[in-house]
Amino acid sequence: MARFIDDLQRTHYCGELRASDLGKEVVLFGWVAHRRDFGGCVFLDLRDREGIAQVVFDRTYTPTGEVSRITALAARGEAFWDSTVADSAQQLAEEVRREWVIGVRGVVVHRGEKNVNPRLGTGEIEVRVAEAVVFNRAETPPFSVEDEIATDEDIRLKYRYIDLRRAPLQRNLRMRHEVNQTVRSYLSDQGALELETPILCKYTPGGARNFLVPSRLNAGKFYALAESPQLFKQLFMMSGFDKYFQIVKCFRDEDLRLDRQPEFTQIDIEMSFVCQDDIFRLLEGLMFRVFEKTGAADLKAHYPSGEFPRMSFAESVRRFGNDKPDLRFGLELTELTELAIAHDGGGLPLVKAITDSFKSGAYRLEVPAEIVKAFVIPASANFSRPQLEAFEKSLREIKGFKGLARAKVADGGAWTQSPLKTVTDEFRLAVNAALGVSDGDVICFQFGKTDVVNAALAKLRLDVGKKMGLIPESGHGGQWRLLWVVNPPLFEQNEDGTWAAAHHAFTRPVDEHVALLDSDPARVLCYRYDLVLNGFEIGGGSIRLHDPDVQQKVFSVLGIHEESAKNMFGFLLEALRSGAPPHGGIAIGMDRLTMLLSGGSTLRDVIPFPKTNQGVDTMSGAPVVVAPAQLDELHVAVAASADPAR
RNA sequence: GGGGUGGUAGUUAAGUCGGUUAUAACGCCGGCCUGUCACGCCGGAGGCCGCGGGUUCGAGUCCCGUCCACCCCGCCA
């Protein structure tokens, strides 16, 4: 039987030792974080998940009266100090290297006032080692296990088990645990049942691309990995479970981003006999609890009523250019389309082309195809011309972006440094008044396709806000702004004029708009809502259709005929006719929420084993080529030849 | 599918106009050191300059292709 672990069990985590433990005999296990060798005396920083403790191997050390007072030793009738054992420990200290895994037995002593390290929780004490063992002589790691490292992400991912030893990632994953635990206990307390849904599902066209899994038992057929439990959670409602939740993996085979992984985790919720407000109340309670338990912030200070503000989708797009406004700062956009129409283009040919289309009836103000909009960079920002041009340059990544017309407001309201030479004085003054600008402000105009104009100005607003220091480049900066964005349009129009569901085909139109389904689908809004935190969408959901007749109307707008509807969603449609309660729900992006709470800016830092931009696990090498025999068994033939060297 | 940035020692980077033996810091190895905590000091090893082709007397450097990583657009609620 081994001396350590079998006989000597861990008494403390390294990081939890304090001055109150002075005089205790302790057994610590951990990784060697640093080694400082002074010849006769070696200091090791021993690290485990709770932190770091300094352990000392001292050639000349012999136990004193302090040690003899340790009652535990007397009780075991065992000597604390054996000089042979201590010699072998000293030997170990000379050999030991970073990231070796060792165990030590020793006594907690005070470091002496001069040697206290205030930066460590354990900085007052150290452990005098009487006995030690090596569990694993680690190879030199490819990068240092330190809080801040400059190492490229692909190397960190390849050695993820080492990367995860770093304190920031340990903290993040611990926070993730805390989020999970809090969600479970809160939702369970609220009467929701944690129920599971299949991962292997039926492929459904539309929405995200599915990962496919060949079926061995059913030659030539495939499962799809669930992109979300959407349909199943609605079925739970039809089965009468009333309130459901699940912390669930979802899979989407789309291109990846900083904030997108092919598999990710949702906090999935669905409830029966509820309206939008019921969902909001539950989620607001959940967020208050999660923020409290993770120590992120006291939301009561921001939202004493317990409610988050609400804003219509239309208002959000008008004021901020998108449906996920960052409310930590102002600098709102100003819609100028109607003003431009009143001024018949204001002498600007590009604007006149747009206003003419409104006058001829080709465009409608309720759902404008093109708009005129402006954003003001305040004079106080005092950006140089190269800086202003840098903003414009970074907008070029927006597809369809044509350019940014700037005008600097001079004394008396004149526009200088501007390409808009032909503007009429009346329009110029009217714009100045609408924007409330004064000397030195820079007006940034966008005219053209609504989506492009909004995307460009939304990005410009964020870029300027960051450059002005109103918000940090990344992270929360201690500010938390939550918001419900509600009632977006139910449909989007495709290039060819046909209609697509903006969210999914089972979202309920707002009651007053049901009549518009036949006549004017563009204006139909729906009971959909997004929860926005500091400019990130952290969750979204909707009240679902439970009336088969309205469902049928929605399908007909979408051009989905009975036959294909049956094909795609047959079981759900049948279930809807089998006794469907009014119901709705929401899904929270668990990874993204944890990322924001932790102050991070990449999803990869809150996911234990993430994949690269190409969806590759550089550690295991997945995905890989498989043997022909395996493919045969699955009744699959591969057309592409993968490069085996990759 | 498209655009951008990058790839040089274990890691992070420098490398001029194409020219001698490719630099530095950290890490690593050896030595010294009893109060350090990013210990310090002395010495040393370490390179397919992503890969393939081309131009050239000569390529880390120029050209073409390709692979990988990151960021973005499309896509993805």
Side-chain angles (χ1 to χ4, degrees), chain A residues 33-46 52-61 90 93 97-99 109 111-120 122-123 126 139-159 162 206-210 227-228 230 250-262 264 266 323-324 393-401 451-452 455-456 459 485 488 492 500-507 526 528-530 537-542 586-587 589 601-602 604 611-614 616 618 643 645-646:
Chain A
H34 286 283
R35 173 172 178 274
R36 293 177 293 278
D37 186 350
F38 290 82
C41 168
V42 178
F43 297 98
L44 299 184
D45 288 340
L46 196 62
I52 279 174
Q54 174 164 281
V55 300
V56 193
F57 298 74
D58 189 333
R59 192 177 286 290
T60 63
Y61 177 79
Q90 187 70 32
R97 290 295 181 266
R98 296 207 297 181
E99 299 309 316
V109 300
R111 290 188 184 191
E113 290 305 329
K114 273 187 201 164
N115 299 321
V116 167
N117 183 348
R119 288 184 301 163
L120 285 180
T122 59
E126 64 191 5
E139 291 174 9
T140 303
F143 51 86
S144 298
V145 180
E146 285 164 5
D147 289 10
E148 301 293 331
I149 58 172
T151 308
D152 276 351
E153 196 135 30
D154 52 329
I155 291 168
R156 290 175 44 199
L157 290 179
K158 184 167 181 180
Y159 303 96
I162 294 171
R209 194 178 292 121
N210 292 141
E227 62 180 83
S228 82
Q230 183 62 41
C250 304
F251 306 88
R252 291 176 193 175
D253 188 8
E254 295 292 346
D255 286 5
L256 307 181
R257 286 285 193 288
L258 186 67
D259 58 352
R260 255 193 255 159
Q261 282 277 311
F264 60 98
Q266 277 188 349
D323 60 352
K324 44 179 183 174
K393 192 179 174 191
S394 91
L395 293 181
R396 294 207 189 110
E397 71 189 27
I398 289 162
K399 190 164 189 175
F401 175 74
D451 290 350
V452 176
K459 177 167 165 50
V485 174
E492 291 171 344
H503 172 39
H504 63 56
F506 307 104
T507 304
C526 62
R528 170 167 169 73
Y529 31 85
D530 284 343
E537 183 200 320
I538 58 169
S542 62
I586 189 167
S601 55
T602 164
R604 297 187 189 110
K611 297 188 172 49
T612 68
N613 270 354
Q614 292 302 310
V616 170
T618 51
D643 178 357
R646 281 174 55 186

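Sequence lines set the chain letters: A, B, ... in the order given, protein chains first and strands last, and positions in each chain run from 1. Owing to the predicted nature of the structure, the values given are computational and were not obtained by experimental measurement.
- Atom CD in A:E254 sits about 13 Å away from atom P in B:rG1, given to the nearest Å.
- Across all strands shown, A:L256 has no heavy atoms under 4.0 Å from either base or sugar-phosphate atoms.
- Of the residues near RNA chain B, A:T618 and A:Q266, the one whose nearest nucleotide (by heavy atom distance) lies more toward the 5' end is A:T618.
- The NZ atom of A:K611 sits 13 Å away from the P atom of B:rC70 (whole-angstrom rounding).
- For B:rC75, neither phosphate oxygen OP1 nor OP2 lies less than 4.0 angstrom from any side-chain nitrogen or oxygen of A:R260.
- Nucleotides B:rG35 and B:rC41 have their P atoms positioned 16 Å apart, rounded to a whole Å.
- With hydrogens and angles ignored, no donor-acceptor pair closer than 3.5 Å exists between the side chain of A:D152 and the base of B:rG6.
- Comparing B:rU8 with B:rA69, their C1' atoms sit 16 Å apart, to the nearest whole Å.
- Close to B:rU11, at under 4.0 Å from its OP1 or OP2, lies no side-chain N or O of A:R156.
- Contacts of A:T151 with the nucleic acid, taken as non-hydrogen atoms under 4.0 Å apart, involve only primed sugar atoms and P, OP1 or OP2.
- In this structure, CZ on A:R156 lies 9.5 Å from CZ on A:R604, to the nearest 0.5 angstrom.
- For A:H34 and B:rA38, the shortest distance from a side-chain N or O to OP1 or OP2 is not below 4.0 Å.
- A salt bridge links A:R35 to A:D37: one of the charged nitrogens lies within less than 4.0 Å of a carboxylate oxygen.
- Contact between the side-chain N/O atoms of A:R97 and the OP1/OP2 oxygens of B:rG30 is found at a separation under 4.0 Å.
- On the C1' atoms, B:rG15 is 15 Å away from B:rU21, given to the nearest whole Å.
- To the nearest whole angstrom, the two C1' atoms, one in B:rU12 and one in B:rG54, are 32 Å apart.
- Between A:N613 and B:rC70 there is a side-chain polar atom (N or O) within less than 4.0 angstrom of OP1 or OP2.
- Side-chain N/O atoms of A:R35 include none lying less than 4.0 angstrom from OP1 or OP2 on B:rC28.
- One donor-acceptor pair, N or O on each side, does fall under 3.5 Å between the base of B:rG74 and the side chain of A:R257.
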| Verdict with reasoning, A:E146 to A:I149, per side-chain contact (heavy atoms from CB on, under 4.5 Å) | CA-CA 6 Å; A:E146 285 164 5; A:I149 58 172; 4.2 Å; yes
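- The residue A:N117 sits close to a base: some heavy atom pair falls under 4.0 Å.
- Of the C1' atoms belonging to B:rA22 and B:rA9, the separation is 11 Å, rounded to the nearest Å.
- Rounded to whole Å, the separation between the P atoms of B:rC62 and B:rU20 comes to 16 Å.
- A 3.5 Å limit on both hydrogen-bonding distances identifies B:rC28 as the Watson-Crick or G-U partner of B:rG44.
- As judged by a 4.0 angstrom heavy-atom cut-off over every strand, A:G207 is placed among residues touching the sugar-phosphate backbone only.
- In this structure, the NZ atom of A:K158 is 9 Å from the P atom of B:rU11, given to the nearest Å.
- One atom, CD1 of A:I52, and another, P of B:rC37, lie 14 Å apart when rounded to the nearest Å.
- Taking a cutoff of 4.0 Å between a charged side-chain nitrogen and a carboxylate oxygen, A:K324 and A:E537 do not qualify as a salt bridge.
- In this structure, A:D255 does not pair ionically with A:R260, as no charged nitrogen and carboxylate oxygen lie closer than 4.0 Å.
- Of the nucleotides present, B:rU23 is the one that pairs with B:rA13 by Watson-Crick or G-U wobble criteria, both distances under 3.5 Å.
- In terms of position along RNA chain B, the nucleotide closest to A:V616 lies nearer the 5' end than the nucleotide closest to the other residue of the pair A:I398 and A:V616.
- Residue A:F401 places its CZ atom among more than 12 non-hydrogen atoms of other residues, nucleotides or ligands, all under 6.0 Å distant.
- One finds the CD atom of A:E126 at 11.5 Å from the CG atom of A:N117 (value rounded to the nearest 0.5 Å).
- Nucleotide B:rG10 holds its C1' atom 13 Å from the CD1 atom of A:I149, rounded to whole Å.
- In this structure, A:K393 places its NZ atom 14 Å from C1' of B:rC72, rounding to the nearest Å.
- With P as the reference atom, B:rA59 and B:rG46 are 24 Å apart, rounded to whole Å.
- A pairwise comparison of heavy atoms in A:I162 and A:P141 identifies CD1-CB, 4.2 Å as the closest pair.
- Using C1' as the reference atom, B:rA25 and B:rG3 are 35 Å apart when rounded to the nearest Å.
- Taking the six-membered ring wherever Trp is involved, the centroid distance between the rings of A:F251 and A:F264 does not fall below 6.0 Å.
- Using N1 to N3 plus N6-O4 or O6-N4 for Watson-Crick, or N1-O2 and O6-N3 for G-U wobble, each under 3.5 Å, B:rG6 pairs with B:rC68.
- Interatomic distance, A:I538 CD1 to A:D530 CG, rounded to the nearest 0.5 Å: 10.0 Å.
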| Sugar-phosphate or base contact per nucleotide [nucleotides 31-36 of chain B; S, B, -; heavy atom under 4.0 Å] | --BBBB
